[in-house]
Amino acid sequence: MTHRALEMAGVIADRLADPGNLPAVSTTHPQWRQSLAHGAPGIALLHIERAAAGLGAWQRVHDWLRFTTSAPITSGPDSYLHYGAPAVAHALASAARARPGTYTRALVGLDQIVAADATRRVAAAHARIDRGDCGALAEFDAIRGLAGLGAHLLRRDPDGPALLKVLSYLVRLTEPLERDGTLLPGWWAASGPSGRADDRFAGGHANNGMAHGIGGPLALLALALMHGVKVDGQLEAIDRVLCWLDRWRAGTRWPYWVIRDELDSGRAAAPNAQRPSWCYGSAGLARAQQLAAHAVGDPARQREAETALIKALSDPAALAATTDVSLCHGYAGLAHIAHRAAADAMPSTASQLRTVALTLLDAVSPVGADPAQQTTTVLDAAGPAFLEGAAGTALAVITPASGTAPLSGWDACLLIA
């Protein structure tokens with residue numbers, strides 16, 4: 001029997017059926033049309049997955065993709081997986097996977113743009129490392145950086161030279177960087193987590209998140225290996241990141257980041273109750289480590305990662321810190337990650353993860369809740385967006401509620417599968 005959360009997802013999809021019916025405050029913003037995180041491509045993903053599963057009409061997909069591609073698409077330095085040409089390419093690739101043979105011509109052009117941009121960015125990153133400078137989160141992360149572009153390349157052209165260049169760069173990124181006589185992790189950023197100068201991070205920081213930290217590169221290196229794509233040093237790079245995470249682990253949690261004083265002392269400040277989200281937190285990082293353990297054939301580490309995920313998603317304090325139902329950092333995203341992890345888990349933990357996923361779905365759509373009212377609440381609070389709003393919430397509940405894997409592969413942009 002399917003979960004009642006599917007009914008809520010259907011109501012959300014109906015409310016987001018027509019781009020012409022959404023509030024102008026959203027759709028008239030120039031960036032909205034090509035923003036995966038906040039705009040039209042993310043809503044298209046919802047309709048693509050529902051159409052692929054026989055839950056919605058393909059006409060809705062066509063309407064949203066037509067809206068997305070009806071204006072010039074940003075490419076080059078101002079584009080990244082969640083904005084511009086890569087974002088549009090991800091939506092079209094999801095539709096093409098669900099309905100082979102569609103959008104072929106548009107995808108060929110966009111794939112070439114993404115590969116060329118990734119190649120340029122890799123060259124710039126190597127030049128930065130050659131200078132001995134610290135990098136920026138946007139150079140390598142899953143949202144704005146090369147890990148995100150690599151996720152699209154792995155999906156669309158796994159044998160192509162652009163992906164190999166990205167992976168080789170990520171290997172080099174994990175090598176220590178010497179600054180002022182101190183060895184820093186290679187992904188040390190001179191800025192704060194926002195990407196801007198911040199007095200609280202005067203000495204820089206090492207970011208551990210999936211969205212903006214080393215979690216994304218770790219997941220891409222692992223996923224590529226699982227798909228048979230390997231470059232020199234890849235196993236060693238995975239091991240370096242895993243050893244770093246082992247060093248800073250506190251029970252089933254990892255600090256969102258490590259600042260210079262903590263690095264020098266070897267001790268991170270005791271974290272307060274943290275939400276175990278995809279973007280920052282134990283859910284995303286534990287899934288990345290599960291993938292890495294699976295890729296390198298380390299059953300002990302895989303069991304450890306799966307156990308950490310179960311504990312994190314069952315921790316009352318962590319769940320109390322989870323205050324919404326979003327994909328990025330809410331209950332729907334946690335349910336989706338638990339369901340995805342269960343599919344790859346060992347028998348001893350797979351059933352526990354499936355049970356956890358259903359419990360999290362109950363938090364998204366409690367017994368007796370009115371799906372129409374829930375939809376209104378989510379739209380009013382967070383809008384229609386993919387990462388933090390209604391479209392992502394609806395997408396994230398489909399697979400755990402129906403007990404299936406995504407038919408469109410929409411979650412490749414999260415680097416969790």
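Please read all numbers here as calculations on a predicted model, not as lab measurements. We're numbering straight along the sequence, starting at 1.
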Please report, to 0.1 Å, the donor-acceptor pairs under 3.5 Å made by any side chain of residues 42-49, with sequence neighbours excluded.
unit_1	atom_1	unit_2	atom_2	d
His47	NE2	Leu16	O	2.8
Glu49	OE1	Leu407	N	3.3
Glu49	OE1	Ser408	N	3.0
Glu49	OE1	Ser408	OG	2.6
Glu49	OE2	Leu407	N	2.9

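- At least one donor-acceptor pair closer than 3.5 Å links the side chain of Arg155 to the backbone N or O of Gly409.
- At a threshold of 4.5 Å between non-hydrogen side-chain atoms, the residues Thr174 and Pro217 do not count as touching.
- Within the 3.5 Å criterion, the main-chain N or O of Trp32 finds no donor-acceptor partner in the side chain of Ser35.
- Residue pairs meeting the side-chain hydrogen bond (donor to acceptor under 3.5 Å, both in side chains) criterion with at least one member in residues 177-197, sequence neighbours excluded, are Thr182-Arg260.
- A donor atom on one side chain and an acceptor atom on the other are not found under 3.5 Å apart for Arg15 and Thr375.
- The pair Asp63-Arg60 fails the salt-bridge criterion, with no side-chain N (NZ, NE, NH1 or NH2) lying under 4.0 Å from an Asp/Glu carboxylate O.
- Ion pairing between Asp14 and Arg50 fails under the 4.0 Å rule for side-chain N and carboxylate O.
- In the model, Tyr280 has a side-chain atom that pairs as donor or acceptor with a side-chain atom of Asn207 under 3.5 Å.
- Scanning both residues, Ala93 and Arg156, for their nearest heavy atoms gives CB-CD, 3.7 Å.
- Asp239 is linked by a side-chain hydrogen bond (donor to acceptor under 3.5 Å, both in side chains) to nothing, counting only residues two or more places apart in sequence or in another chain.
- In this structure, the side chain of Arg253 does not engage the main chain of Ser282 through any donor-acceptor pair within 3.5 Å.
- Judged by distance alone, with hydrogens and angles left aside, the side-chain atoms of Trp64 form a donor-acceptor pair with the main-chain N or O of Ala17 at under 3.5 Å.
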